[in-house]
Amino acid sequence: RADIYSLGVVLYTLCTGFFPPQSTDAQGKTSTDFSDAKEIMPRNAYSLLQSIVNPSPTERFSIDDILDHEWITGKKLLCPRRVKMAYSFH
């Protein structure tokens, strides 16, 4: 699921045109900051991003979940665990 997180960085970059900001804490641990994504990404793309970069690998979307997401399919979500968004590129 670490590769799935990397897809989140790619999704952010494709939607915004730049890499997400990174910061380093006092212990030298680097983290990626997606906090501005809500303001600059389409709502359903942001919904997908949140599910892809979930800090908990066990709760992070699988590739099947990603391929079934509304932003990818253009269809309304049927699975109740996912957030429905009204925005569409179509």
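The first residue of the sequence shown is numbered 1, and numbering continues consecutively from there.
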Treat each ILVMFWY residue as a node, draw an edge where side-chain heavy atoms are under 4.5 Å apart, and state whether [X] and [Y] are in one component.
| X | Y | result |
| --- | --- | --- |
| L14 | L67 | no |
| L11 | I72 | yes |
| M41 | V10 | no |

Partners passing side-chain hydrogen bond (donor to acceptor under 3.5 Å, both in side chains) against [X] (at least two apart in sequence or in another chain):
| X | answer |
| --- | --- |
| D25 | none |
| T24 | none |
| S35 | D33 |

**OP:** Taking side chain to side chain contact (heavy atoms under 4.5 Å, CB included) as the test, write out the residues that go with T13, two or more places apart.
**Re:** V9, F19, P20
Subject >> All side chain to side chain contact (heavy atoms under 4.5 Å, CB included) counterparts of S56, not counting sequence neighbours >> reply: N54, T58, E59
Does the side chain of [Y] come within less than 4.5 Å of [X]'s, by heavy atoms?
| X | Y | result |
| --- | --- | --- |
| Y12 | I40 | yes |
| L49 | F34 | yes |
| S51 | Y46 | no |
| I66 | L7 | yes |

**OP:** Under the side chain to side chain contact (heavy atoms under 4.5 Å, CB included) rule, what do S47 and H69 come out as? Steps first, then yes or no, please.
**Re:** CA-CA 9 Å; S47 166; H69 190 274; 3.3 Å; yes
**OP:** Before giving the answer on side-chain hydrogen bond (donor to acceptor under 3.5 Å, both in side chains), spell out for S62 and D65 the whole-Å C-alpha distance, their side-chain angles and the decisive distance to 0.1 Å.
**Re:** CA-CA 5 Å; S62 69; D65 293 327; 3.2 Å; yes
